2 protein chains.
Amino acid sequence: MNIIVCGGDGFCGWPTALHISNLGNRVIIVDNLSRRKIDGELSTASLTPIGSIRERIDAWHEVSGKHIEFVDLTLGQDYDKFVSLIANERPDAIVHLAEQRAAPYSMKSPAHKRYTVNNNLNATHDILAALVETGVDAHLVHLGTMGVYGYGTNGMKIPEGYLKVSVETPTGPVEQEILYPANPGSIYHMTKTQDALFFHFYAKNDRLRITDLHQGVVWGTQTQETKLDERLVNRFDYDGDYGTVLNRFLMQSAIGHPLTVHGEGGQTRAFIHIQDTVRCIELAIANPPKAGERVNILNQMTETHRVRDLAKMIADMTDAEVVHLPNPRNEAGENDLHVHNDRVLGMGLQPTTLSKGLMEEVSQIAMKFKDRADTSKIISNSYWTKNRKEAAQK
Amino acid sequence: MNIIVCGGDGFCGWPTALHISNLGNRVIIVDNLSRRKIDGELSTASLTPIGSIRERIDAWHEVSGKHIEFVDLTLGQDYDKFVSLIANERPDAIVHLAEQRAAPYSMKSPAHKRYTVNNNLNATHDILAALVETGVDAHLVHLGTMGVYGYGTNGMKIPEGYLKVSVETPTGPVEQEILYPANPGSIYHMTKTQDALFFHFYAKNDRLRITDLHQGVVWGTQTQETKLDERLVNRFDYDGDYGTVLNRFLMQSAIGHPLTVHGEGGQTRAFIHIQDTVRCIELAIANPPKAGERVNILNQMTETHRVRDLAKMIADMTDAEVVHLPNPRNEAGENDLHVHNDRVLGMGLQPTTLSKGLMEEVSQIAMKFKDRADTSKIISNSYWTKNRKEAAQK
């Protein structure tokens, strides 16, 4: 197959591009390298020493004998260039990861809110408009988030995208399935709920074939392909904006920094290992919806944990200390989370479990590269509201 | 009160600005005159001879003794300028009509789709971000559309924004009220459903006070204020993109053009007279939600009619002929529509009924200005899909 990976230089994008390439597909990465530019803005860097996009692609060719193409363009801006690419390449599938993906970054300032809204919404819409304009019947596979569901569900297990409800009508109750009512917890998550409406409309009006993967928090760094050569290493973020909770804990334990839990740590989150992310994307590509069908929504996660339990697990493993900081997020301190993920399991996903993969991460990544850490970047300084900020600074 | 009207030069915005000014409020119009520029793009013009924004504002001062300020800026782009305005003026309310508002225009081409998405979403978000940044506690009153609900509701009466549903959980069914599941019929309508998610998030996270008015198709031209002087006349659109169905029929009958019904005309739509639009906005401003409350949603419409019934009503009144054209929209040919509008009625709206207002429109506007009509602009040439276009051209 001919597959375009938008955002193919990023944390999920790079291992996805390699995995899909390794399976024998032709892969084109579309990226504007914005994630690297944000590292510059925040004076942060991946804990792992990642090569330039050119170095990575050349190394992949050397290691595997396979070519990956790279096109430098900004989705949402360089529309005509993207249309030409689609028209010429006529991809079978487009994997869309070209969005600003950190909730704390999206809440840093008005400029960061505006950037996230403008970038994410116009990027998604450009892909859809280009597919309609060119008439190319590519399957669009989008990386969404579990965060579209919000938290707190009365003990109900979160379904896969659609919710069965009963509505009173003059002729009695009517059962229907609706798009799960969105309840985003940040500007970033909000853009993903708005993406869902783009997808709903284009699937209905233009019969585009679209899969939306509602992904949990990704942990881990390496996949089978990125491990093949040091120059292929994936990025590892540990800073207050882009570092996700579990990877942050791993790195903190490696450098002897206390594990920083926001609030009481009662937040329950869904998790998935990066190896399972790329496998799920492979499975999604292989199982497209039919033209005219509604958007195909899968929950891409494998386990749920409370943040304080994760901290304890790693503290027990590494003797790290646990400290509690004020929670910058405007959210409930405690929530339950039960999630259906039957469909990715049914397609054949064999989950990488925390219990199996954690120690490898600690020893192979966090310990190995700990001297590259800038400890001043660990603590989040993005607050959801003025009140949260003032509470944290007391 | 101190009130900013974003989009105050447009079809709903201008009479709103005059009405609010006439009530004794200080009014500032924010507009980039985009609607006039689109007239240039489409080689169309209002049937009524509207003055420039300066001529209008000066005429209003002459007629009423009241001042309206005008600030030329593009929401979604000139963010810093807008923040300064809000910080200096500290408005009590902001009325937001600064969006591209024609469904056919939004479906003309990829460029029009992209413009509508980019303009509408960034404009709405800029207002919200500016309110949070400045800490100004203005009540935001947004003009939305009945079209967010979609059509076809199993005979159910459409509620005001929120739908009571029952969801099965492990401990039995749980009743909850959710944002009505969105089902937009065009790119334009889609942006309004995405606006609703902006509002949901900012009301929840930042306790902004927001009212969203889900408005029906507006008909009529003049209000009590725009009638006071010829130089205050409101715009009247009859072209295939911006002309709404009823005003198009009125103008067609005046010039002896057949009334053009799309498909069988079985589409049922909700309607409201422009006089009632400005009154509803007045009532919304006077009844803000409290900080921390969910978004306040009202259905701003007064009657529903099937398109073919409207055509017959006007044909009977004026001896016009009725013709049927292929429907450019991707929609069901027939739908019922029952709508709750208890809240605007409860606040004191006295509807202008079709039966009362129609003849005045025919004689005072359509007949009076019929010589300004360009009949080549009447037929819509925006098609929702390639198939619809091909069907129309056969």
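Since this is a predicted model, take the numbers as computed values, not measurements. Convention: sequence-line order gives letters A, B, ...; per-chain numbering from 1.
Of the atoms belonging to Val132(A), heavy atoms from both backbone and side chain fall under 4.5 Å from chain B. Contact of Glu175(B) with chain A is not made at all, since no heavy-atom distance falls under 4.5 Å. For Phe198(A), the parts sitting under 4.5 Å from any heavy atom of chain B are the backbone and the side chain alike. Proximity to chain B is limited to the side chain of Asn122(A), based on heavy atoms less than 4.5 angstrom apart. If you measure heavy-atom distances from Pro184(B) to chain A, the contacts under 4.5 Å come from both the backbone and the side chain. Heavy-atom distances place the side chain of Leu163(A), and not its backbone, under 4.5 Å from chain B. Both the backbone and the side chain of Lys204(A) come within less than 4.5 Å of a heavy atom in chain B.
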**OP:** Let me see the working for Lys164(A) and Val167(B) under side-chain contact (heavy atoms from CB on, under 4.5 Å), right down to the final yes or no.
**Re:** CA-CA 7 Å; Lys164(A) 274 196 191 122; Val167(B) 180; over 6 Å; no
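By number of non-hydrogen pairs under 4.5 angstrom with chain A, the leading residue of Ile178(B), Val83(B), Asp126(B), Asp206(B) is Asp126(B).
Rounded to the nearest 0.5 angstrom, Leu179(B) CG and Leu179(A) CG are separated by 11.0 Å. Taken from CZ in Arg207(A) to CG in Asn330(B), the straight-line distance is 9.5 Å, to the nearest 0.5 Å. Remark: Met190(A) CE to Leu197(B) CG distance equals 8.0 Å, nearest 0.5 Å. Note that CG of Leu128(B) is 12.0 Å distant from CZ of Arg114(A), once rounded to the nearest 0.5 Å.
No donor-acceptor pair under 3.5 Å is formed between the side chain of Asn205(A) and the backbone N or O of Gly185(B). Formation of a donor-acceptor pair under 3.5 Å by the Glu133(B) side chain with backbone atoms of Pro110(A) is not found in this model.
When each of Leu121(A), Ile187(A), Asn118(A) is tested with His125(B) by the rule side chain to side chain contact (heavy atoms under 4.5 Å, CB included), just one qualifies, namely Ile187(A).
Side-chain contact between Asn183(A) and Phe201(B) is absent, with no heavy-atom pair separated by less than 4.5 Å.
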